[in-house]
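Have a look at the structure below, then the notes.
These numbers come from the heavy atoms of this one structure, side chains and all, not from hydrogens, waters or symmetry mates. Just so you know, ligand 1 is whichever comes first in the structure, and atom 1 is the first atom listed for that ligand.
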Amino acid sequence: MSEFPDAASRPDSASTPGGTGPENAADRSTDTGSKDRRGTRSIGGRRLAPESLMMTWGYRPELSEGALKSPIFQTSTFVFNSAEEGKAFFEVAYGLREKAADETLGLIYSRLNNPDLEILEDRLAVWDDAEDAAVFESGMGAIATTAFTFLRPGMSLVFSEPVYGGTQYLFTNILPEFGIRTHSFRASDGKAGMEVAVEAAAAEGPIGLIHLETPANPTNHLVDIRHAAELARRHSTEEHRVRVAVDNTFLGPVFQNPLGLGADLVIYSLTKYVGGHSDVIAGACLGSAELIGQVKGSRTFFGSMAGPWTGWLLMRSLETLKLRMTRQSESATEIADWLLEHPKVTRVYYPGHLEEGDPDWEVYRAQCTAPGGMVSFDVDGGEAEAFRVLNALKLVKLAVSLGGTESLAQHPATMTHSDIPPEEQVEMGILPSMVRLSVGVEDPEDLKADLAQALERV
Ligand SMILES: *Cc1c(COP(=O)(O)O)cnc(C)c1O
């Protein structure tokens, strides 16, 4: 909210004067290539794809001794050239005056900004065509900071279920203690279920935020982002805008871009596909310069920003993001098709299997460009049979988390979703026989061989 200064946005990050980041840079393209402070965004009128920009965008070697790669700026604070410069930086950081058109907010202190975070934020923004991004030390840091930025006592939060366990806990146990009302709807209840929850919330007072997670974990049900944006518009007034946030961890940013579908904010656990190597915890929130300015204001005072080492690791990961996610989605499709035919498997939950006539099929076609790397399936039996499969896997590791280069399997009913009461689990479609698989970059034939020998134990 406006009481928070726009602490960490620098014109060279995304809010280029007179424009809005990537698109604006592309608009200015000429045949010799468009150039802005962050690099070359288009060549010969051709707008470069995100994967082409991940090695260079936002980094200027001449500021770092010519180093090809960005150094890790492992420093807590930055030296001002003069007291006058320090004063000017703080005036902008604390919103004491407007930035001049050509002014760059200087580096002050690593809780506000750090080169590794700023370059990473520029690069993340490219994928979602966002004006700005804010990076956090965890996905939960991003979700909690965003919630506390847009919700106030007396407001409602509407959210889809199932959501990530940590999100569920924050929304149902912590936010109500701060006077925030929460209303949820089942992803499987479609547009109608969403409408009922939004209307019930609106009847009680202003809605601060609609938070969606799609595809829903672990059932892969889809939530209609455009419909949520439409409902938010319907309940917005001049003074109060209802914001829609989408947790895009499962398919984004490569296969789903919620901002283009009308969402205001996109949230990630970067720990998963973006980090992609199961070795770092991080999160992000992206959107317009105005909204991310508010989120960054909260981040400065909550202290939930990521450190430079995390930023550097994620920049390395972004270089191979599309390669990894494409391979993972292709392998998952192969494995999901194979599971469908397997006699010990009673059901497969995979967006790639949606058929015309299923309400999720329309949603899939409108908002996803590939089915992704997450496959859930029911084994013939219950918990005991699912456990037998999990215990027999050799190449696939038994662990929670997802999106890494290695394949992981787990049991949602007793692990990631164990704090949901069993009756509710069943209503949401989370059965004791369900196994959730995150497909990695291994040879898919090797993965099938491992699954085949494990399924023999059923
Ligand atoms: C893991 C996850 C989170 C939480 O992210 P952390 O980085 O573990 O804090 C949030 N949402 C989804 C969908 C996730 O998978």
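- Among all protein heavy atoms, the one lying closest to atom 5 (O) of ligand 1 is S269 OG, 3.0 Å.
- The shortest N or O to N or O distance between G139 and ligand 1 is under 3.5 Å.
- Under a 4.0 Å criterion applied to the non-hydrogen atoms of S138, ligand 1 contributes the atoms 7 (O), 9 (O).
- For E213, no nitrogen or oxygen atom sits less than 3.5 Å from a nitrogen or oxygen atom of ligand 1, counting backbone and side chain alike.
- Protein heavy atom nearest atom 8 (O) of ligand 1, with residue, atom name and distance: Y164 OH, 3.8 Å.
- With hydrogens left out, the protein atom closest to atom 15 (O) of ligand 1 is K272 NZ, 2.7 Å, a heavy atom.
- Note on E319 versus R324: no salt bridge recorded, every NZ/NE/NH1/NH2 to OD/OE distance being 4.0 Å or above.
- Y268 and N248 are linked by a side-chain donor-acceptor pair at a separation below 3.5 angstrom, with hydrogens and angles left out of the test.
- Which parts of ligand 1 touch A282 is read off a 4.0 Å heavy-atom cut-off, strictly below it: atoms 7 (O).
- Under 4.0 angstrom from ligand 1, the non-hydrogen atoms of I143 all belong to its side chain.
- Checking side-chain atoms of H342 against main-chain N and O of K344 turns up a donor-acceptor pair under 3.5 Å.
- Contact check on E230 versus R233 returns a salt bridge, with a Lys/Arg side-chain nitrogen under 4.0 Å from an Asp/Glu carboxylate oxygen.
- Residue contacts with ligand 1: M140 is placed with a nitrogen or oxygen under 3.5 Å of a nitrogen or oxygen of the ligand (distance criterion only).
- With a 4.0 Å cut-off on non-hydrogen atoms, S401 does not touch ligand 1 at all.
- Across I281 and T310, no two heavy atoms sit closer than the pair O-CG2, 4.0 Å.
- Note: W312 and W309 have parallel aromatic rings, judged against thresholds of 30 and 60 degrees for the angle between ring planes.
- When atom types are taken as modelled, the side chain of Q453 and the backbone of D450 share a donor-acceptor pair closer than 3.5 angstrom.
- Of the candidates T249, L402, D247, S269 forms a side chain to side chain contact (heavy atoms under 4.5 Å, CB included) with just one, namely T249.
- Here is the list of ligand 1 atoms found below 4.0 Å of a heavy atom in D247: 10 (C), 11 (N), 12 (C), 13 (C).
- For atom 7 (O) of ligand 1, the nearest non-hydrogen atom of the protein is T271 OG1, 2.6 Å.
- Where the criterion is an N or O separation shorter than 3.5 Å, residue side chain and backbone included, T167 fails it with respect to ligand 1.
- Near T249, meaning under 4.0 Å from any of its heavy atoms, are these atoms of ligand 1: 12 (C), 13 (C), 15 (O).
- Annotation: cation-pi geometry satisfied between K272 and Y164 (NZ/CZ under 6.0 angstrom from ring centroid, within 45° of ring axis).
- Side chain of S52 to main chain of L48: no donor-acceptor pair is present (N/O by atom type, distance under 3.5 Å, no hydrogens or angles).
- Under a 4.0 angstrom heavy-atom cut-off, N217 registers as lying outside contact with ligand 1.
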